[in-house]
Amino acid sequence: MWAGGRPARCARATALGLVEFAPVEGAAAAALLVLPLSIVWMVFAFGEEIGWRGYLTSLLAPLGFWRSTLVIGGFWAAWHLPLTLTYALDGTMPFRDVVSTTVNLLFAAVAISLVRWFSGSVWPAVFAHAVMNTMGQFAYSNLITPLTSLDDGAYWAFFGVSWGVWAVVLAVVTRRIPILSETSPAWVG
């Protein structure tokens, strides 16, 4: 599942020469904070996950993994749009980040839903959400050339490689997990 995650994305993009591996001073010390910060971020991720992968996943589970996940993922990505668009409109975030964040959220929705369906509990999804957020901030802020400094070609190549790997990994994983072929997992009703 983590093969499409932000640290892995950074490693692939560095290997392909799309960004430079450029750890900042203090990156090693910051790495030690990833797990404790992920645990703290679970407080914030819980609010989202209890709704998205908790209530709605249970409610929509009779639709099956893919249909319920794509519906929830679509709403989850749209739910973040007011925030990202506000950042883009006030100049805090380039508009291209709105697009890449939206696509990233769709892939993350599938990964987090896999954790939820496989575990039968919302708690691993809460942890996965918190870890994804924390690891992403760590990797983008400490390990590579800032994405804001990339020209459009390198920027979209960076995300194109990532999305391609996400798609392949998720396709392979979802074909290998039998519970995903069931219409409704055992933990529903």
Side-chain angles (χ1 to χ4, degrees), residues 1-9 37-88 93 95-140 156 159-189:
M1 179 178 92
W2 299 108
R6 291 176 188 161
R9 179 183 307 151
L37 288 174
S38 294
I39 293 168
V40 170
W41 272 101
M42 286 178 69
V43 171
F44 302 105
F46 176 77
E48 282 189 60
E49 293 306 324
I50 198 70
W52 299 113
R53 259 64 63 175
Y55 176 74
L56 281 177
T57 295
S58 294
L59 181 70
L60 299 177
L63 296 176
F65 173 78
W66 280 110
R67 281 188 279 177
S68 65
T69 295
L70 293 177
V71 166
I72 292 167
F75 279 114
W76 192 46
W79 185 72
H80 284 84
L81 276 175
L83 177 66
T84 57
L85 285 171
T86 298
Y87 287 143
M93 170 188 280
F95 185 75
R96 66 186 188 179
D97 287 2
V98 174
V99 176
S100 63
T101 297
T102 301
V103 175
N104 286 340
L105 285 166
L106 293 170
F107 280 111
V110 176
I112 295 171
S113 288
L114 274 168
V115 171
R116 167 67 164 105
W117 275 67
F118 190 66
S119 70
S121 170
V122 75
W123 288 107
V126 170
F127 185 67
H129 184 155
V131 168
M132 283 182 181
N133 285 348
T134 308
M135 287 297 294
Q137 290 306 313
F138 168 73
Y140 287 169
W156 292 115
F159 284 105
V161 167
S162 173
W163 298 333
V165 172
W166 264 113
V168 168
V169 168
L170 291 174
V172 168
V173 168
T174 56
R175 289 192 201 302
R176 298 198 182 274
I177 299 176
I179 193 171
L180 301 180
S181 63
E182 298 173 13
T183 305
S184 184
W187 47 263
V188 173

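It should be emphasised that the depicted structure is a prediction, and the values quoted were computed from it without experimental measurement.
- Of all the heavy atoms in A130 and A45, the pair that sits closest is N-CB, 4.1 Å.
- Here the closest non-hydrogen pair linking P82 and T86 is O-OG1, 2.6 Å.
- Heavy-atom minimum distance, A77 versus L106: CB-CD2, 3.8 Å.
- Between S113 and V110 there is no side-chain heavy-atom pair separated by less than 4.5 Å.
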TODO: Applying side chain to side chain contact (heavy atoms under 4.5 Å, CB included), run through F159 and V103 and close with a yes or a no.
DONE: CA-CA 9 Å; F159 284 105; V103 175; over 6 Å; no
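- Note: F75 and W79 fail the aromatic proximity criterion, with ring centroids not under 6.0 Å apart.
- Across all their heavy atoms, A109 and G73 have their closest contact at CB-CA, 3.5 Å.
- Annotation: side chain of Y55 is not in contact with side chain of I50 (no heavy-atom distance under 4.5 Å).
- In this structure, E48 CD and H80 NE2 are separated by 4.0 Å, a value rounded to the nearest 0.5 Å.
- Looking only at side-chain heavy atoms (C-beta outward), W41 and V131 stay at 4.5 Å or farther from each other.
- In this structure, T57 and W52 have side chains that are not in contact, with every pair of non-hydrogen atoms separated by 4.5 Å or more.
- Scored by the side-chain contact (heavy atoms from CB on, under 4.5 Å) test, T101 finds T84, L105 as partners (sequence neighbours excluded).
- In this structure, CG on L114 lies 6.0 Å from CG on L170, to the nearest 0.5 angstrom.
- Atom CD1 of I72 is separated from atom CG of L59 by 8.5 Å, given to the nearest 0.5 angstrom.
- For the residue pair W163/N104, the side-chain donor-acceptor check at 3.5 Å is satisfied.
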TODO: Take W76 and R53 through the test side chain to side chain contact (heavy atoms under 4.5 Å, CB included) and record every step on the way to the result.
DONE: CA-CA 10 Å; W76 192 46; R53 259 64 63 175; 3.4 Å; yes
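- The line from CE of M132 to OG of S38 is 11.5 Å long, rounded to the nearest 0.5 Å.
- Between V99 and W156 there is a side-chain heavy-atom pair separated by less than 4.5 Å.
- A donor-acceptor distance shorter than 3.5 angstrom exists from the side chain of R67 to the backbone of L63, with no hydrogens or angles considered.
- The heavy-atom pair separating V122 from E49 by the smallest distance is CG2-O, 3.3 Å.
- Contact annotation: the side chain of W117 approaches that of S68 to within less than 4.5 Å [non-hydrogen atoms, C-beta and beyond].
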TODO: May I have the step-by-step check of side chain to side chain contact (heavy atoms under 4.5 Å, CB included) for H129 and V115, ending in yes or no?
DONE: CA-CA 10 Å; H129 184 155; V115 171; over 6 Å; no
- [ ] Apply the test side-chain hydrogen bond (donor to acceptor under 3.5 Å, both in side chains) to residues R116 and S58: give CA-CA distance (whole Å), side-chain angles for both, the deciding distance (0.1 Å), then the verdict.
- [x] CA-CA 10 Å; R116 167 67 164 105; S58 294; 3.0 Å; yes
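- Residues forming a ring pair (Phe, Tyr, Trp, His ring centres under 6.0 Å) with W123 (at least two apart in sequence, or on another chain): F46.
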